[in-house]
Protein chains: 2
Amino acid sequence: MTDQNGASVEQIVEKVWLSIAERRLRPGVQLKEEQMAAIFNVSRARIRQALATLQRDGLVMIIPNRGAFVSKPSVDEARDVFFVRRTVERCVVERLCKGISKADAKRLREHVAKERIANMEDITTDIIKLSGGFHLLLAETAGSDFLFATMRDLIARSSLITAVYRNTNRFNCGPDEHAEIVESIVGNNVDKATRLMAHHLEHVESELDLTELRDLSHDLRAALA
Amino acid sequence: MTDQNGASVEQIVEKVWLSIAERRLRPGVQLKEEQMAAIFNVSRARIRQALATLQRDGLVMIIPNRGAFVSKPSVDEARDVFFVRRTVERCVVERLCKGISKADAKRLREHVAKERIANMEDITTDIIKLSGGFHLLLAETAGSDFLFATMRDLIARSSLITAVYRNTNRFNCGPDEHAEIVESIVGNNVDKATRLMAHHLEHVESELDLTELRDLSHDLRAALA
DNA sequence: TCATTCCATATTGTTGACAATTCTGCAATC
DNA sequence: GATTGCAGAATTGTCAACAATATGGAATGA
């Protein structure tokens, strides 16, 4: 999947991120350095950088002297992520409603249009990238670097959570609800925009199967209880 | 300052963090790898890890092929950090007010007591650690891992901002306002607690000299204007 | 005197090899 | 039959040497 020349750290991170979101890398799988170094045709040092980044994003867990494993977010962690998203995204929306330039409005609408196309043509990779990308674009447009960085973290973790706990085959976070939110923001309708965003997040979370004690069949505690 | 044996990555990060907060490392200073490797008696590889962590915390800026430099947060970035803190810490306080165990209440009060002692005895290092630590402890007690991680970032950046833009000699973020906040939380008084926290943050921010074009004497633009 | 080019130096980036640790399979023992 | 102990293999952690790049200053010319 990579060229003869080595991939950059960002490319490696992106590739792993997508593989996790597409469920091709399951939680608990070990990401062995040498193996990855061979796949991406780079030295282990660069793989280590990528793994450190992925750890910071919460996608992999690094255990000293053991290695890096794809994270298995608990139900509590999943709920926590959505809890924080409710607060942060509300903050983003409120900020955006204070006034948005025509150029920014255009960008948002164009993004939603791209989502529509990806959904119609059913390109999984694009759908995953774009549906998270919408929330990121919102944060970026809000003009707070820190909020943007925080949303980056939240989206990365949300992708993993969706990959693990997704119930339906259909991807949530579709373009229709996004479009409504954009229009409310452009129309400076704070109340409606925050309400729609809250509803949207609720909708996304509700499509997950966040029940306790899920597939812990191999867990010691479950066996002992 | 380190033992004959090499320091761990965490120790290095902690040391640099404190040096920045204590203004012993000024913004713009380059952190040369070899130099630091000698100081901490470790190889450059470990220094690189520490620098990567510090970059993630926003304390240093890494320019490819140039090196790592102590960050110089702009006024906009400073305001941004406090803007996000207002939202996040309000969220923390609201969560805490929903109910707090006696053990947690005791921990919070003990922390404030420690701050008092450090302030009386005027131990700069402890004051810096503890005053940020209070807000961290609050986030930790709130029981959201993500909120805690976010506050970690915010506190690290706030320390740098305070070090750069602090006006008075006295450290802000004193124990008195902290104590009031704790008591309001323990008393389940949401309105008062959020109000006090907002006021506290306002107070901290107001003691900074967030004026544009500060100490750019060595900056090219200032010299040419 | 000032701007430009070039080279020596210093610093970061990368690689491969070696050390330390952990995992796995097998045999011995209770 | 289940458990423990032990060697071999596999994997991560660390390091030092080498390559690539940027910096600073001297030499050159206008």
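Reminder, nothing fancy here: chain letters follow the sequence lines and each chain counts from 1.
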**Q.** Verdict with reasoning, B/H200 to B/H178, per side-chain hydrogen bond (donor to acceptor under 3.5 Å, both in side chains)
**A.** CA-CA 8 Å; B/H200 175 53; B/H178 287 179; 3.1 Å; yes
Q: Specify the closest pair of heavy atoms between B/F69 and B/G28, including all atoms of both residues, with the distance to one decimal.
A: CD2-O, 3.5 Å
Q. So do the side chains of A/L51 and A/M36 get within less than 4.5 Å of each other, counting heavy atoms only?
A. yes
In whole Å, I'd like the distance from the [atom1] atom of [X] to the [atom2] atom of [N].
X     : N      : atom1 : atom2 : answer
B/R46 : D/dG13 : CZ    : C1'   : 9 Å
B/I62 : D/dA22 : CD1   : P     : 16 Å
A/N65 : C/dA20 : CG    : P     : 12 Å
A/R48 : D/dT11 : CZ    : P     : 14 Å
B/F69 : D/dT23 : CZ    : P     : 8 Å
A/Q49 : D/dT14 : CD    : P     : 15 Å
A/I47 : D/dT14 : CD1   : C1'   : 18 Å

Q) Quick one: the side chain of B/R66 and the base of C/dG13, do they pair up donor-acceptor inside 3.5 Å? A) no
Q | Full working for salt bridge (charged side-chain N to carboxylate O under 4.0 Å, His left out) between B/E207 and B/R166 | A | CA-CA 7 Å; B/E207 282 193 350; B/R166 187 177 57 209; over 6 Å; no
Q.
Contact list please: residues 29-36 of chain B against DNA chain D, heavy atoms, distance less than 4.0 Å, in numerical order.
A. none
Q: Could you check B/L147 against B/E140 for side-chain contact (heavy atoms from CB on, under 4.5 Å), going step by step and ending with a plain yes or no?
A: CA-CA 8 Å; B/L147 232 43; B/E140 192 184 8; over 6 Å; no
Q. Step by step, would you call B/E10 with B/K15 a salt bridge (charged side-chain N to carboxylate O under 4.0 Å, His left out)?
A. CA-CA 9 Å; B/E10 289 77 18; B/K15 183 69 190 165; over 6 Å; no
(Q) Taking only side-chain N and O atoms of A/R44, does any of them lie within less than 4.0 angstrom of OP1 or OP2 on C/dT15? (A) no
